[in-house]
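As structure tokens, the structure follows; a few thoughts come after it.
Computed from a predicted structure; not experimentally measured. Here is how names work: the chains are called A, B, and so on, in the same order as the sequence lines, proteins then strands, and each is numbered from 1. Values reported hereafter were calculated over all heavy atoms of this structure, with side chains retained and with hydrogens, waters and symmetry mates removed.
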There are 2 protein chains.
Amino acid sequence: MQALFSHIRQYCDFSQEAIESLGSVLKPVKLEKGEFLTTEGKVCSSVYFVEQGCLRGYYNLDGKEITYWFAFENNFVTSLLSFVTRNPGMENIQLLEDCKLWEISYDDLHRLYKKHTDVNTLGRIINERYYVMLEERFVSNHFKEARDRYENLLATAPHILQRVPLGHVASYLGMTQETLSRIRSKS
Amino acid sequence: MQALFSHIRQYCDFSQEAIESLGSVLKPVKLEKGEFLTTEGKVCSSVYFVEQGCLRGYYNLDGKEITYWFAFENNFVTSLLSFVTRNPGMENIQLLEDCKLWEISYDDLHRLYKKHTDVNTLGRIINERYYVMLEERFVSNHFKEARDRYENLLATAPHILQRVPLGHVASYLGMTQETLSRIRSKS
DNA sequence: TCTATTTTTTGACTTATGTCAAAAGCGATG
DNA sequence: CATCGCTTTTGACATAAGTCAAAAAATAGA
């Protein structure tokens with residue numbers, strides 16, 4: 001749980017009571033490679049913090065799996081659309097490695113939001129960060145060509161290429177696996 | 001200011017004091033078509049609420065203007081990356097019509113965040129909504145073909161096509177103006 | 001160590017979309 | 001109502017990336 005707390009402290013101050021409240025509702029979860037945290041059509045009712053391992057979020061679009069994020073150690077993970085709206089999501093979250101996670105339920109989190117300003121602030125800040133990251137990716141993915149997108153990934157997040165099968169990475173970069181393979185062989 | 005308050009109430013409860021505090025720091029701003037709220041290289045230090053008019057956010061990427069959002073009545077507008085990180089942004093925000101806006105500064109907003117839980121909650125919720133919208137657009141834009149993206153826009157946000165020049169819309173949809181023009185003529 | 005399965009690469013071909021350039025349409029201004 | 005500037009359309013051509021299929025390489029299991 002220490003990894004989580006020290007990660008949180010990077011974002012904002014956190015009172016001792018808030019830490020304790022949070023600690024009391026976190027549940028440790030261990031799952032194996034290939035398992036799912038949520039799947040299409042389900043309401044995702046928890047946020048997870050990744051202590052160890054990696055995961056991907058993907059949609060099924062026209063019969064194809066579209067991977068649109070990866071999460072690693074010290075990332076928060078949920079199907080945000082479903083979590084926020086309380087409606088069934090389109091998203092699947094799958095473990096790419098065996099994982100150690102910390103889970104907090106929607107209800108517990110919202111009790112903490114009401115009780116501790118600190119937690120509310122944390123929620124807001126994490127959201128801001130995730131928005132900003134998505135925005136950067138949105139712009140670069142959609143308006144640069146395939147080779148640039150690959151090279152940008154190499155420069156900013158090479159660990160993804162080391163831990164994730166190429167097919168998922170290709171999808172994440174918005175190209176086919178064949179195209180990514182060709183780009184790699186010519187560089 | 002009523003439009004703003006009733007818009008806020010759609011998201012969450014808001015105490016009378018929070019409303020009053022907010023009201024006391026909001027500044028009315030009127031600007032003309034073509035003017036900018038922020039430009040590349042500047043720190044964006046305000047959030048704006050659009051009472052009347054429309055705007056676009058765009059990046060300069062490899063010498064091209066990439067429009068990646070539009071805002072209309074009842075939307076909040078800022079260069080979020082710059083606003084959140086306090087660093088110069090890459091983004092330009094330009095008025096596409098004469099506008100009536102309400103402005104709140106970073107400092108005032110963060111004073112309110114500290115003082116009123118309600119405002120903090122509002123900030124979090126608005127962020128969540130904006131994240132979710134961006135995510136939907138990210139997936140549909142990047143993984144569907146040009147014609148589908150256009151038809152999706154027609155179905156979900158036809159007002160954009162009525163109020164915004166085609167070149168900006170094409171960029172927003174991730175295609176050239178020529179392609180968008182051809183798609184429209186063949187449908 | 002030797003299969004069996006999954007992942008990655010390579011090849012041949014197709015196609016959607018981009019590029020460049022010119023024409024047409026439209027709206028504002030004097 | 002004629003002209004100027006901006007927006008949109010059309011045409012001809014180029015090309016990045018997709019598709020389908022098979023071979024090669026890597027990984028995991030027995």
Side-chain angles (χ1 to χ4, degrees), chain A residues 32-35 53-54 56 58-68 70 94-98 139-154 158-187, chain B residues 32-35 54-56 58-68 70 94-98 139-154 158-187:
Chain A
E32 289 183 12
K33 179 176 173 174
E35 295 193 83
C54 77
R56 67 171 179 137
Y58 70 93
Y59 285 101
N60 286 304
L61 204 72
D62 309 327
K64 284 176 207 156
E65 290 185 358
I66 307 295
T67 296
Y68 77 107
F70 299 108
Q94 186 183 33
L95 305 226
L96 297 175
E97 301 174 356
D98 297 352
V139 172
S140 104
N141 258 37
H142 205 94
F143 298 103
K144 300 211 165 189
E145 51 185 43
R147 154 159 254 111
D148 291 341
R149 301 200 299 269
Y150 169 69
E151 282 170 2
N152 183 54
L153 187 74
L154 257 189
H159 59 282
I160 292 179
L161 284 152
Q162 284 150 23
R163 288 174 73 174
V164 172
L166 206 68
H168 295 337
V169 178
S171 166
Y172 177 79
L173 289 174
M175 64 186 79
T176 60
Q177 175 164 332
E178 293 92 327
T179 296
L180 179 54
S181 176
R182 280 183 248 266
I183 285 171
R184 293 212 304 176
S185 71
K186 279 171 211 147
S187 64
Chain B
E32 289 185 9
K33 177 176 175 175
E35 295 193 83
C54 77
L55 310 87
R56 68 171 179 136
Y58 70 93
Y59 286 102
N60 285 303
L61 204 71
D62 309 327
K64 284 176 207 154
E65 290 187 357
I66 306 297
T67 296
Y68 78 107
F70 299 109
Q94 185 182 33
L95 307 226
L96 296 175
E97 300 174 358
D98 297 351
V139 172
S140 103
N141 259 37
H142 206 92
F143 298 102
K144 300 211 167 190
E145 51 184 44
R147 155 159 252 111
D148 291 341
R149 301 202 298 269
Y150 169 69
E151 282 171 1
N152 184 54
L153 187 75
L154 258 189
H159 59 284
I160 292 180
L161 283 152
Q162 284 149 23
R163 289 175 72 175
V164 173
L166 206 67
H168 296 336
V169 178
S171 167
Y172 178 79
L173 289 173
M175 64 186 79
T176 61
Q177 176 163 330
E178 292 92 326
T179 297
L180 179 54
S181 176
R182 279 184 249 267
I183 285 170
R184 292 210 306 175
S185 72
K186 279 171 210 146
S187 64

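Residue Phe143(B) contributes atom CZ, which lies 14 Å from atom C1' of dA17(D) at whole-angstrom precision. What separates CG of Leu180(A) from P of dA17(D) is a distance of 12 Å, to the nearest Å. Here dT7(D) presents its C1' atom at 11 Å from NE2 of His168(B), a figure rounded to the nearest Å.
In this structure, the salt bridge (Lys or Arg N to Asp or Glu O under 4.0 Å) partners of Arg147(B), at least two apart in sequence or on a different chain, are Glu151(B). Checked against side chain to side chain contact (heavy atoms under 4.5 Å, CB included), Val139(B) has the following partners two or more places apart in sequence or in another chain: Tyr59(A), Leu61(A), Tyr68(A).
Side-chain atoms of Leu55(B) and Leu95(B), non-hydrogen and from C-beta on, do get closer than 4.5 Å to each other. For the pair Leu161(B) and Tyr150(B), the minimum side-chain heavy-atom distance is below 4.5 Å. The closest side-chain heavy-atom distance from Ile183(B) to Thr179(B) is below 4.5 Å. Between Tyr172(A) and Leu153(A), some side-chain heavy-atom pair lies under the 4.5 Å cut-off. At least one side-chain heavy atom of Arg56(A) sits less than 4.5 Å from a side-chain heavy atom of Glu65(A). Contact annotation: the side chain of Arg163(B) never approaches that of Phe70(B) to less than 4.5 Å [non-hydrogen atoms, C-beta and beyond].
The shortest distance between the side-chain N/O atoms of Lys144(A) and the OP1/OP2 oxygens of dA17(D) is not below 4.0 Å.
In terms of heavy-atom proximity, Glu32(A) sits nearest to Asp98(A) at CA-OD1, 3.4 Å. Minimum heavy-atom separation, Gly174(B) to Arg149(B): O-NH2, 2.9 Å. What you find for Ala146(A) and Met175(A) is that their closest heavy atoms are O-CE, 3.4 Å.
First and last contacts of DNA chain C with chain A, using any nucleotide atom under 4.0 Å from a protein heavy atom and ordered 5' to 3', fall at dT8(C) to dA12(C).
Among the protein residues, Arg182(B) comes within range of the nucleic acid bases, having at least one heavy atom under 4.0 Å from a base atom. If you check every strand for non-hydrogen atoms under 4.0 Å, Lys64(B) touches sugar and phosphate atoms only.
Heavy-atom distances under 4.0 Å link DNA chain D to Pro165(B), Leu166(B), Gly167(B) of residues 159-167 of chain B, given in residue order. DNA chain D lies under 4.0 Å from at least one heavy atom of each of the following residues of residues 172-179 of chain A: Gly174(A), Met175(A), Thr176(A), Glu178(A), Thr179(A).
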Treating primed atoms plus P, OP1 and OP2 as sugar-phosphate and everything else as base, which nucleotides of nucleotides 23-30 of chain D get B, S or - for protein heavy atoms under 4.0 Å? --------

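In terms of modelled atom types and a separation under 3.5 Å, the side chain of Thr67(B) and the main chain of Ser171(B) share no donor-acceptor contact.
To the nearest 0.5 Å, atom CG of residue Leu166(B) and atom CZ of residue Arg184(B) are 4.5 Å apart.
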